[in-house]
Structure formats: C-alpha cells, structure tokens
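Below is one structure, written out as structure tokens, with a few remarks after it.
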Amino acid sequence: KRRKGFKRLTFKESFITMTDIIVYQGEPGAFSHLACQMEYPDLTPNPCTSFASAFNAVRSGDAKLAMIPVENTVAGRVSDIYHLLPEGGLYIIGELYLPVHHQLLGISGATIETIKTARSHPMALGQVRKNLAKMNILPLADVDTAGAARAVAQLKDKSISAIASSLAASIYGLDIIEKDIQDESHNTTRFLILASQPLKADVVRGPWVTSFVFKVRSVPSALYKALGGFATNNINITKLESYMIGGSFQAAQFYVDAEGHPEEKGMAHALEELSFYTESIKILGTYTAHESRMKL
C-alpha cells in the first residue's frame, strides 16, 4: 500500500508501445527478475545477457521497459550503469526499492553439514560474507545469482550450494537450506525503470525525482559553484556520482538524483545556475519518488 501523496504514473498513462515485455540482466530467477514480477506483473519478464543488451532491446522496440539495478545499501553502486545511462538512449520513468532476501540453496538431501561451498555473484557473496563464515562455507564467485542456482541443480552435488532468491529455488527445483542469510536486515537494492520515451511528468502529481548528468567547465571551484544553486533553492540532492569519461583523468562527468521537478521554481533556478558552470547537462528522466526513498 502506497502512502498518501505517492501516486506513481503508470506506463500506460504516459504512452503505449506494441510489446508487453520487460527486460532484465541475468538469468531467470535473478533478483532483477523478481523486481519485474513485483512491479509489473502484467508484463512478460525476459532475460538479457548484459546490461547493454537490455538497453538495446528497449531502444529497438523489442521490449517496453528495462529493470536495471543501480545500487545496494550493502554492496554499493553498480558502476557499469552510470556509463550506460548517458549514452544509452533511454529515459528513467520510475524507481523501485527491493528488499533483498538471500537464500542458501541446495539440492534435495543437502544440509548445512554437507555443504562446503556457496556459489553466487560477487556482490551477493559480499552481502552474506559474515553468515557464510559462521557456517564455515567457502564463497565461490559466479557470474549471476540465478546462474549459480542453475549450476547447483545441474551438478547434483550435496556439498555445493548457491546464494540466490526464493524465485530461483522454485525455478531450478532447489531446497532452501537456510532462509534470509543476508548479513544486514536493511539490505535493499534500488532499481531504475527505463523506457524509450520520457514520462509525461505532470508537476502537480509529485513528489518527483529528476536524474541528470553534467560535465563541469575546467575552472577553479566549478563543482562547488555548479551545485550552489541547489543549496540556495533548497533542493535536496540525494545522489552525486563522478566518473571519468573519454579516457582522461581530467574529464569528469557527474550523475545526480535531485528531489524535484524541472518545472518547479526552485529546481528551474537551480538548473539554470548549474548551466553557467557546465559544458553540458542531460536530463535522464523525471519520475515519481518511490515511498521507500523516505525510509532508507
């Protein structure tokens, strides 16, 4: 149930496309797959081998939306995404905060006593590191949480387990040996929902988040001056990421999530002041703030 004031625009309210597919990176049973099912139960989830191929599917019209993870409260950011977003040709139309519950999965007959190793994606292994150590289970890196579950099902070895979702357990016929073994109870992944067209964001229906990238001019205190307009206009910046572009240590691009709508007076003034100190600004999307943003 959404709190009062949080009414997210549906995709159909913005525009209609020909397909009913939502794509994600990974194999069936991945947490991104679970996020697709939770947020868009009427769409058909379709796996992609990489983030780039997920972007391509939406850009080409083969899929309506993409569900892309960008950060986790324990493991940090998914760095590849911040390079794809500015040039990917897609727009952010929503966000989702998904509580992550990691399960220790094994074949039928496996127990804590028989399990010696646990396979999973490195980020997932980092989120269960303490509990695996307590159980004296050796972590082994794999390309994907769901892929690790599939491999365990194929190997049929009681000494090998996977760290994955309950959805993966169901898909690959594995038992949940230990439930919810994440080290931190707040373990949450933030996803961005991407489309080929921007959301028609009516300013009166917020609260809003606006995401954009910019490159500062090469002058002293440029970043300080560029962001000053957000402070003076009381605009809350909830995320500021920098990364190098063009193969140079001198050229830095910044990604920003800011609370507000570009048509609101304060945000409009802040963006105008930002433009004085930047070489370029690109709005990636304005979308409804998810209710979980106020809790984490």
Side-chain angles (χ1 to χ4, degrees), residues 5-9 11 13-15 55 58-59 66 68 70-71 77-79 81-97 190-246 248 250-294 296:
F6 284 89
K7 186 181 186 303
R8 188 181 311 182
L9 286 181
F11 193 75
E13 287 180 289
S14 177
F15 61 93
F55 274 66
V58 177
R59 191 167 54 244
I68 303 295
V70 290
E71 57 191 325
R77 71 176 185 171
V78 183
S79 58
I81 302 307
Y82 295 101
H83 290 276
L84 281 171
L85 280 172
E87 307 301 330
L90 302 182
Y91 297 90
I92 305 169
I93 66 159
E95 62 178 357
L96 170 67
Y97 288 77
R190 179 181 179 234
F191 290 85
L192 294 179
I193 302 155
L194 305 176
S196 60
Q197 300 178 41
L199 191 69
K200 295 178 181 178
D202 185 347
V203 65
V204 302
R205 298 183 65 176
W208 298 105
V209 176
T210 297
S211 297
F212 56 93
V213 291
F214 68 91
K215 183 181 175 183
V216 294
R217 299 183 187 279
S218 184
V219 296
S221 304
L223 180 60
Y224 172 80
K225 294 174 181 176
L227 296 179
F230 293 90
T232 56
N233 286 283
N234 200 32
I235 301 297
N236 187 27
I237 291 178
T238 61
K239 189 173 188 64
L240 175 65
E241 293 274 358
S242 67
Y243 52 98
M244 312 313 292
I245 57 174
S248 170
Q250 302 299 318
Q253 187 159 266
F254 295 86
Y255 171 95
V256 173
D257 290 334
E259 294 181 347
H261 190 293
E263 294 180 12
E264 293 173 338
K265 184 177 180 180
M267 179 68 84
H269 288 168
L271 290 172
E272 181 181 15
E273 189 166 339
L274 175 67
S275 67
F276 297 149
Y277 302 100
T278 58
E279 293 184 5
S280 62
I281 304 172
K282 183 175 184 178
I283 302 292
L284 300 176
T286 297
Y287 48 95
T288 310
H290 193 272
E291 60 266 31
S292 294
R293 154 180 298 274
M294 305 302 178
L296 295 171

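Treat the numbers as computed from the prediction; the structure is a model and nothing was measured. Counting begins at 1 with the first residue of the sequence.
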For a quick test of your reading: what N or O donor-acceptor pairs under 3.5 Å do the side chains of residues 268-278 make, sequence neighbours left out?
| residue | atom | partner | partner atom | Å |
| --- | --- | --- | --- | --- |
| S275 | OG | E272 | O | 2.5 |
| T278 | OG1 | L274 | O | 3.2 |

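The shortest distance between side-chain heavy atoms of F254 and L240 falls below 4.5 Å. Within the 4.5 Å cutoff, side-chain heavy atoms of L85 are placed close to those of L194. V70 places none of its side-chain heavy atoms less than 4.5 Å from the side chain of F191. Side-chain contact check for Y224 versus V216: every heavy-atom pair is 4.5 Å or farther apart. Counting only heavy atoms from C-beta outward, the side chains of R190 and H290 never approach each other to under 4.5 Å.
S196 approaches L90 most closely through the heavy-atom pair CA-CD2, 4.0 Å. Closest approach of Y97 to S292, counting heavy atoms only: CB-CB, 3.6 Å. Closest of all the heavy-atom pairs between P86 and V213 is CG-CG1, 4.0 Å. In plain terms, the two heavy atoms of A289 and V209 that are nearest each other are CB-CG2, 3.7 Å. Here the shortest heavy-atom pairing between K239 and E71 reads NZ-OE1, 2.8 Å. Heavy-atom minimum distance, G266 versus I235: C-CD1, 3.9 Å.
The distance from atom CD1 of I92 to atom OG1 of T210, rounded to the nearest 0.5 Å, is 9.5 Å. The CD1 atom of I68 sits 8.5 Å away from atom CG of L192, with the distance rounded to the nearest 0.5 Å. The CD atom of E263 lies 8.5 Å from the OG1 atom of T286; values are rounded to the nearest 0.5 Å. Between the CE atom of M267 and the CG atom of N236 there is a distance of 9.5 Å, given to the nearest 0.5 Å. Here the CD-CG distance, from Q197 to L199, works out to 10.5 Å after rounding to the nearest 0.5 Å. Put simply, CG on L284 and OH on Y82 are 10.5 Å apart, with the number rounded to the nearest 0.5 Å.
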Handout entry: Trace of the side-chain contact (heavy atoms from CB on, under 4.5 Å) decision for L223 with F214
Key = CA-CA 10 Å; L223 180 60; F214 68 91; 3.9 Å; yes

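The salt bridge (Lys or Arg N to Asp or Glu O under 4.0 Å) search around E264 returns none, not counting sequence neighbours.
The number of heavy-atom neighbours closer than 6.0 Å to OH of Y255, taken from other residues, nucleotides and ligands shown, is above 12.
A donor atom on one side chain and an acceptor atom on the other are found under 3.5 Å apart for Y243 and Q253.
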